[in-house]
A.B. asks: 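Below you will find the structure I want to go over with you.
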Amino acid sequence: MTAADTPDVRERMAVKETRLGEVVRIDVNGLGARLPPDVDAEDVPRAWSGAQSEAICETLAEVASGYGGDFNSFGEWTVIHGAGYDLADIRVRRLARFGEGYRSAITTLPWIDPESRWSARVQATAYIPRAPGLNFEQVAVRPETVYDTEFLGLAPAVISRFGGARVVYLSGVVAWTDEIELLFTDDPHAQVRRVFEMIGAVFEELGGSREDVVRLRPFTLNAEIAGIVREEAERFWTGCVPPTMLIADGVDFWGEDGLFAEIQAMGVLGDGDLDVSHERLPPPKAGPDDALVVRRARSRERELIQAGEIRGRVGAGPGREARQVVECIREVMAGQGLSSADVCSVVAYAGNRAAAEGFEAAVRDILPPETLHLVPGLPMGEMDGRQLKVEFTAERFL
């Protein structure tokens, strides 16, 4: 492997820092390398894949160290990848760094357009206390209501606690039994419903409810299953504030027959006798799409504003579609009095190059580039020709 072929995982990586009192939130966006030039996706050298795995782990450790943390500071990783991402290799490297008693909540799915030549796009979030002795804790837990994920080298759930609230990250949940047997392989409605019931049960076990689920990132087999996810989510969260969603459809699930969806979740719970309130906020006028949910979770000292799925209008075209999405983000920020410093991440799925480039250019008018995590995904079957969907996260100290 020549120096020219060495994986450059920092080529498009950016780090967004959000100050939350005596804790800093770090969002690493766009981490991962392009495939070596003149190498077929089917023939990526193992040495290159291993070097990318090591570079990803080393980079996360270095970023966290710069803020007084370490590799274990990251509560959540979301990994979307194509060719050249060696799952077995990076699992071993992660476990060697995690050490005893801790693993991050990690969701890993293959959903990158091979023509983009990206091997991986990693988005990871950490909370790091800035002074010793703070009332801060981050732990990996295995709720009784979900299967164990030790064999995958990741935690079923991670809890970050400070400021009167607990942020809960769940690794992607599938309808497995404790014996890792897949349920409802011939009934996608029942399988998706089961996943939502498992997610809801975790939050109940932790002392909350389904309303404490703030964000979902479902990965689905195809557009039809994406529609079922939306339908079942509406049914499950009837009567309470629903979570936001950012759905990927057309995902290859490692060839496991009968697997229709894997759903990653994040939520905010109260801490002891301190409550968290959840409120659905009015949608921006620029965003008439019924897929859009804007919500707030507020604790004694913190509030988190989440919006998604932000989409443009049918038939707008890539440039106009991008501008419509950015206008929605602008309205959410203005309506809640958010500054660019409060915005932690904007995760964007772009179905083609024109949508990706159009959004990347348009969003720079209102947010710094380090806020953006852009994934060049496959065409989006459920989008009626649209090619852009976006999730927005902001957090601030009160």
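Values reported hereafter were calculated over all heavy atoms of this structure, with side chains retained and with hydrogens, waters and symmetry mates removed.
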A.B. asks: Knowing that exactly one of T78, N29, D27, T393 qualifies, which makes a side chain to side chain donor-acceptor pair (under 3.5 Å) with T125?
C.D. replies: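 Result for side chain to side chain donor-acceptor pair (under 3.5 Å) with T125: D27.
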
A.B. asks: Over all heavy atoms of both residues, which pair between R25 and L304 is shortest? Give the atoms and the distance, please.
C.D. replies: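 Shortest heavy-atom separation between R25 and L304 comes out as NH1-CD1, 4.2 Å.
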
A.B. asks: Taking the side chain as every heavy atom from C-beta outward, state whether Q123 and L31 have any pair of such atoms under 4.5 Å apart.
C.D. replies: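 Answer no - side chains too far apart.
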
A.B. asks: Fit a plane to each ring of F196 and W237, take the angle between them on a 0 to 90° scale, and name the class: parallel (under 30°), tilted (30 to 60°) or perpendicular (over 60°).
C.D. replies: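 It falls in the perpendicular class, over 60°.
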
A.B. asks: If only atom types and distance count, is the side chain of T59 paired as donor or acceptor with the main-chain N or O of I56 below 3.5 Å?
C.D. replies: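 Answer holds: no.
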
A.B. asks: Report yes if some heavy atom in the side chain of R93 is under 4.5 Å from a heavy atom in the side chain of C57; otherwise report no.
C.D. replies: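 Side-chain contact under 4.5 Å: yes.
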
A.B. asks: Taking atom CZ of R19 as the centre, does the number of heavy atoms from other residues, nucleotides or ligands within less than 6.0 Å exceed 12?
C.D. replies: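 Yes, CZ of R19 has more than 12 neighbouring heavy atoms, counting only those of other groups under 6.0 Å.
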
A.B. asks: Might you point out which heavy atoms bring F397 and G21 nearest each other, and give the distance in Å?
C.D. replies: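 For F397 and G21, the tightest heavy-atom pair comes out as CG-N, 3.4 Å.
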
A.B. asks: In Å, rounded to the nearest 0.5 Å, how long is the span from CG of L246 to CD of E391?
C.D. replies: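 That separation rounds to 5.5 Å.
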
A.B. asks: Could you walk me through whether R230 and E309 pass the salt bridge (Lys or Arg N to Asp or Glu O under 4.0 Å) check?
C.D. replies: CA-CA 11 Å; R230 296 190 192 279; E309 202 169 68; 2.5 Å; yes

A.B. asks: Counting N and O atoms only, with roles assigned by atom type, does the side chain of R300 sit under 3.5 Å from a partner on the main chain of G163, one being a donor and the other an acceptor?
C.D. replies: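 No; zero donor-acceptor contacts below 3.5 Å.
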
A.B. asks: Does R353, at its CZ atom, have more than 12 non-hydrogen atoms belonging to other residues, nucleotides or ligands within less than 6.0 Å?
C.D. replies: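 Count not over threshold, so no.
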
A.B. asks: May I ask you to decide if D249's main-chain N or O and W111's side chain share a donor-acceptor pair within less than 3.5 Å?
C.D. replies: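 Looks like yes, one N/O pair under 3.5 Å.
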
A.B. asks: Any chance you could lay out the salt bridge (Lys or Arg N to Asp or Glu O under 4.0 Å) test for E279 and R296, step after step, and finish with the verdict?
C.D. replies: CA-CA 5 Å; E279 178 185 4; R296 172 168 48 218; 2.7 Å; yes

A.B. asks: Think R94 forms a cation-pi with W77, using NZ or CZ under 6.0 Å from the six-ring centre and within 45 degrees of its axis?
C.D. replies: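 Here R94 passes the 6.0 Å and 45° test against W77.
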
A.B. asks: Would you call E370 and K16 a salt bridge, using N to O less than 4.0 angstrom?
C.D. replies: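 A salt bridge is absent here (no side-chain N lies under 4.0 Å from a carboxylate O).
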
A.B. asks: Does a donor on one side chain and an acceptor on the other come within less than 3.5 Å for Q191 and T185?
C.D. replies: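 No - no donor-acceptor pair under 3.5 Å links their side chains.
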
A.B. asks: A quick test of your reading: do over 12 heavy atoms of other residues, nucleotides or ligands sit less than 6.0 Å from CD of E150?
C.D. replies: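 Count not over threshold, so no.
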
A.B. asks: Mind running side-chain hydrogen bond (donor to acceptor under 3.5 Å, both in side chains) on N72 and R103 for me, showing each step along the way?
C.D. replies: CA-CA 7 Å; N72 290 355; R103 302 186 298 276; over 6 Å; no

A.B. asks: Between M245 and P218, is any pair of side-chain heavy atoms under 4.5 Å apart?
C.D. replies: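 The answer is yes, as the side chains (C-beta and beyond) meet within the 4.5 Å cut-off.
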
A.B. asks: With a 6.0 Å cut-off (strictly less than), is the heavy-atom count around CZ of R320, excluding the residue itself, greater than 12?
C.D. replies: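 Counting neighbours around CZ of R320, 12 or fewer heavy atoms of other residues, nucleotides or ligands fall under 6.0 Å, so no.
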
A.B. asks: Can a donor-acceptor pair be found, under 3.5 Å and without considering hydrogens, that links the side chain of Q52 to the backbone of P7?
C.D. replies: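 Absent.
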
A.B. asks: Judged by atom type as modelled, is there a donor-acceptor pair below 3.5 Å linking the side chain of Y147 to the main-chain atoms of V174?
C.D. replies: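 Judged by distance alone, yes, a pair lies under 3.5 Å.
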
A.B. asks: If we count only N and O atoms by modelled type, under 3.5 Å, do the side chains of S104 and E76 hold a donor and an acceptor together?
C.D. replies: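 Result is no, nothing qualifies.
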
A.B. asks: Counting distance only, does the side-chain N/O of R117 pair as donor-acceptor with the main-chain N or O of P36 below 3.5 Å?
C.D. replies: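 Flag set: sc R117 to bb P36 pair under 3.5 Å.
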
A.B. asks: Do we see a donor-acceptor contact under 3.5 Å between the side chains of S339 and D342?
C.D. replies: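 Indeed, the side chains of S339 and D342 share at least one donor-acceptor pair under 3.5 Å.
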
A.B. asks: Would you tell me whether E395 and T18 have side-chain atoms, one donor and one acceptor, within less than 3.5 Å of each other?
C.D. replies: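 Side chains of E395 and T18: no pair found under 3.5 Å.
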
A.B. asks: Give a yes or no on whether E205 atom CD has more than 12 heavy-atom contacts from other residues, nucleotides or ligands under 6.0 Å away.
C.D. replies: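 Count over threshold, so yes.
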
A.B. asks: For residues V44 and G84, report the shortest heavy-atom separation together with the two atoms involved.
C.D. replies: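 Heavy atoms only, the tightest pair is CG1-CA, 3.9 Å.
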
A.B. asks: Begin with the C-alpha distance, continue with both residues' side-chain angles, and end with the deciding distance and a verdict on side chain to side chain contact (heavy atoms under 4.5 Å, CB included) for L109 and V79.
C.D. replies: CA-CA 6 Å; L109 273 303; V79 184; over 6 Å; no

A.B. asks: In sequence, state the C-alpha distance, the side-chain angles, and the governing distance for I225 and I228, and then conclude on side chain to side chain contact (heavy atoms under 4.5 Å, CB included).
C.D. replies: CA-CA 5 Å; I225 305 302; I228 290 172; 4.1 Å; yes

A.B. asks: Within the 4.5 Å heavy-atom criterion, are V146 and W176 side-chain neighbours or not?
C.D. replies: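 No, every pair of side-chain atoms sits at 4.5 Å or beyond.
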
A.B. asks: Looking at S299 and G164, what are the two nearest heavy atoms and their distance?
C.D. replies: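 Closest pair (atom of S299, atom of G164, distance): CB-O, 3.6 Å.
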
A.B. asks: Could you tell me whether D271 and R302 have a side-chain N and a carboxylate O separated by less than 4.0 Å?
C.D. replies: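 Judged by the 4.0 Å cut-off on N to carboxylate O distance, D271 and R302 do not form a salt bridge.
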
A.B. asks: For a side chain to side chain contact (heavy atoms under 4.5 Å, CB included) with V173, tell me which candidate from M198, E262, R194 qualifies.
C.D. replies: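 Output: one option passes, namely M198.
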
A.B. asks: Quick check: are there more than 12 heavy atoms from other residues, nucleotides or ligands sitting under 6.0 Å from CD of E179?
C.D. replies: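 It does: E179 CD has more than 12 such atoms within range.
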
A.B. asks: Using only atom types and a distance under 3.5 Å, with no angle test, would you say the side chain of Q306 pairs donor to acceptor with the backbone of T244?
C.D. replies: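 Pair absent, no side-chain N/O of Q306 close to backbone of T244.
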
A.B. asks: Are side-chain heavy atoms of P129 and F162 found at a separation under 4.5 Å?
C.D. replies: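 No. Closest side-chain heavy atoms not under 4.5 Å.
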
A.B. asks: List the atom of V24, the atom of E17, and the distance in Å for their closest heavy-atom pair.
C.D. replies: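 Taking V24 first and E17 second, the nearest heavy atoms are CG2-CG, 3.5 Å.
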
A.B. asks: Does a side-chain heavy-atom distance below 4.5 Å link V168 with M266?
C.D. replies: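 No, every pair of side-chain atoms sits at 4.5 Å or beyond.
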
A.B. asks: Using a strict 4.0 Å threshold on nitrogen-to-oxygen distance, state whether R235 and E231 make a salt bridge.
C.D. replies: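 Judged by the 4.0 Å cut-off on N to carboxylate O distance, R235 and E231 do form a salt bridge.
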
A.B. asks: Quick one: does D40's side chain have a donor or acceptor within less than 3.5 Å of a partner on D43's backbone?
C.D. replies: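 No; zero donor-acceptor contacts below 3.5 Å.
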
A.B. asks: I'd like to check V346 versus L367 (side-chain heavy atoms, cut-off strictly below 4.5 Å). Are they in contact?
C.D. replies: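 Side chain of V346 against side chain of L367, heavy atoms only: contact under 4.5 Å found.
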
A.B. asks: If I take atom OH from residue Y85 and atom OG from residue S119, how far apart are they, to the nearest 0.5 angstrom?
C.D. replies: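 One gets 8.5 Å once the value is rounded to the nearest 0.5 Å.
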
A.B. asks: Does CD in E234 sit with more than 12 non-hydrogen atoms of other residues, nucleotides or ligands closer than 6.0 Å?
C.D. replies: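 Count not over threshold, so no.
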
A.B. asks: Which atom names give the shortest non-hydrogen contact between S171 and L154, and what distance separates them?
C.D. replies: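 Taking S171 first and L154 second, the nearest heavy atoms are OG-CD1, 3.5 Å.
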
A.B. asks: Test side chain to side chain contact (heavy atoms under 4.5 Å, CB included) on I366 and I329 and set out the steps.
C.D. replies: CA-CA 9 Å; I366 60 171; I329 294 173; 3.7 Å; yes

A.B. asks: Okay, side chain of D187, backbone of H189: is any donor-acceptor separation there less than 3.5 Å?
C.D. replies: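 Yes, the answer is positive, given that a donor and an acceptor are paired below the 3.5 Å cut-off.
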
A.B. asks: Side chain to side chain donor-acceptor pair (under 3.5 Å) with R396: which of Q336, E303, E301?
C.D. replies: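 Checked Q336, E303, E301 against R396; only one passes side chain to side chain donor-acceptor pair (under 3.5 Å): E303.
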
A.B. asks: Against R166, only a single residue in V276, L269, L274 fulfils side chain to side chain contact (heavy atoms under 4.5 Å, CB included); can you say which?
C.D. replies: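 Passing option: L269.
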
A.B. asks: What do the steps show when you test H278 against R295 for side-chain hydrogen bond (donor to acceptor under 3.5 Å, both in side chains), and what is the final call?
C.D. replies: CA-CA 7 Å; H278 295 278; R295 64 173 350 266; 3.1 Å; yes

A.B. asks: Is it the case that the side chain of K389 and the backbone of G312 share a donor-acceptor pair, with hydrogens and angles ignored and the cut-off at 3.5 Å?
C.D. replies: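 No; judged by distance alone, with no hydrogens or angles, the pair does not exist.
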
A.B. asks: What is the ring orientation for F219 with Y349, classed by angle as parallel under 30°, tilted 30 to 60°, or perpendicular over 60°?
C.D. replies: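 Taking Y349 first and then F219, their aromatic rings sit tilted (interplane angle of 30° to 60°).
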
A.B. asks: Any chance the side chains of S53 and D89 put a donor and an acceptor closer than 3.5 Å?
C.D. replies: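 Side-chain D/A pair, S53 to D89: present.
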
A.B. asks: For salt bridge (Lys or Arg N to Asp or Glu O under 4.0 Å), just list the numbers for R311 and E321, CA-CA rounded to whole Å, side-chain angles, deciding distance to a tenth of an Å, and then say yes or no.
C.D. replies: CA-CA 8 Å; R311 314 192 295 198; E321 186 179 350; over 6 Å; no

A.B. asks: Contact between E11 and R34 at the side-chain level, heavy atoms closer than 4.5 Å - yes or no?
C.D. replies: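 When only atoms from C-beta onward are counted, R34 and E11 do touch, with a gap below 4.5 Å.
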
